[in-house]
Amino acid sequence: MRNFVDLHIHSVASDGDLRPGEVVRHAEMRKLAAAALTDHDTLAGLGEAARAAAHLKVDFIPGVEISARFTGGTLHIIGLGIDPTCRTLQQVLRDLRTQRNRRNPRMIAKLRRLGMQISMHELQHLGVGLRGAEAVIGRLHMARVLCAKGYVGSVKEAFARYLGLGRPAFVDKERLAPPQAMQAVHAAGGAAILAHPPQLNYANSSQLDRIVRSLVHDGLDGLEVYHPDHTPRQTRAYLDLARRLGLLVSGGSDFHGPGKPEARLGRPRVPVAAVEQLLARAVP
Ligand code: AMP
Ligand code: ZN
Ligand code: FE
Ligand code: FE
């Protein structure tokens, strides 16, 4: 009997540092019942992950994480159980990557003006493992290059000093409105999950309630109840909110590989029993 799952994981297809196949093999070693690959704005890792999972016991769930527009905080929509061949979703993600390709050189130029010499070429090589038009390059890659070149002591410091919202090298990127992000997930047959609710920076539980109700009105299917950043109290509150609004319960580690050691694959433990309804929908 396998009792736990991890439904939020990144690979080198975006800003993780393990290959999609390695991610799946780690999930197998941890004896997880199911694992979802949820790279930012790309489906590029899903084929390799699915092939790796084919002869293993872990159930592989194809996923994606999409940043949506939200004032005052960060709103990420995770799509679980998506069909990677869906043309609508593919096109939406291609557009988001085009936006990133406009933003990256602007952030590099700002870093240069601040005295840090980093190039697109270095981001592609130091930062990323999968190359090509479908791989996503973002701020975490920049943070790793700044670290490797000794400009900062840690990824955390890179965000705090230069790359974070409102810091001197930050450039915002064009995002989808939340309803569009959820529609793209639905077009591909997936369930739309609100990731890490604390990142919304809501002031109190009634504000959170309003935000989530409005997302439900626009198509939200589920809530990420379990995440390493959640306190036990938050986890209980999100579980309660999901029950009250009839939302699917999800959860995962937001694992990015050994380069971001705060997150470990399979932690926190997400009980299969808690996510049963979601698995019934998302496991191919
Ligand atoms: P981007 O999508 O390019 O704007 O980059 C966002 C990603 O950078 C997030 O998904 C995280 O992986 C990472 N990130 C954002 N803020 C921080 C932070 N303060 N410390 C470490 N990683 C971060
Ligand atoms: Zn990330
Ligand atoms: Fe996220
Ligand atoms: Fe994530």
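All ligand and atom numbering here is 1-based and tracks the order in the structure.
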Ionic contact status for R2 with E28, cut-off 4.0 Å = yes

Which side-chain N or O atoms in residues 263-271 pair as donor and acceptor under 3.5 Å with protein atoms at least two apart or in another chain?
none

Side chains of Q99 and D95: is there a donor and an acceptor less than 3.5 Å apart?
-> no

Which protein N, O or S atoms lie under 2.8 Å from the Fe ion (ligand 3), given by chain and residue number?
-> E65 OE2, H76 ND1, H196 NE2

Can a donor-acceptor pair be found between the side chains of Q207 and R210 at a distance below 3.5 Å?
-> no

Any side-chain donor paired with an acceptor under 3.5 Å for D254 and H10?
-> yes

Close to the Zn ion (ligand 2), meaning under 2.8 Å, how many protein N, O or S atoms are there?
-> 4

Look at R102 together with E174 and state whether they make a salt bridge at an N to O cut-off of under 4.0 Å.
-> no

Residues forming a side-chain contact (heavy atoms from CB on, under 4.5 Å) with R236, sequence neighbours excluded = P232, R233

Do R30 and D6 sit within salt-bridge range, that is, some charged N less than 4.0 Å from a carboxylate O?
-> no

Let me know which of E224, E65, H40 forms a side chain to side chain donor-acceptor pair (under 3.5 Å) with H76.
-> E65

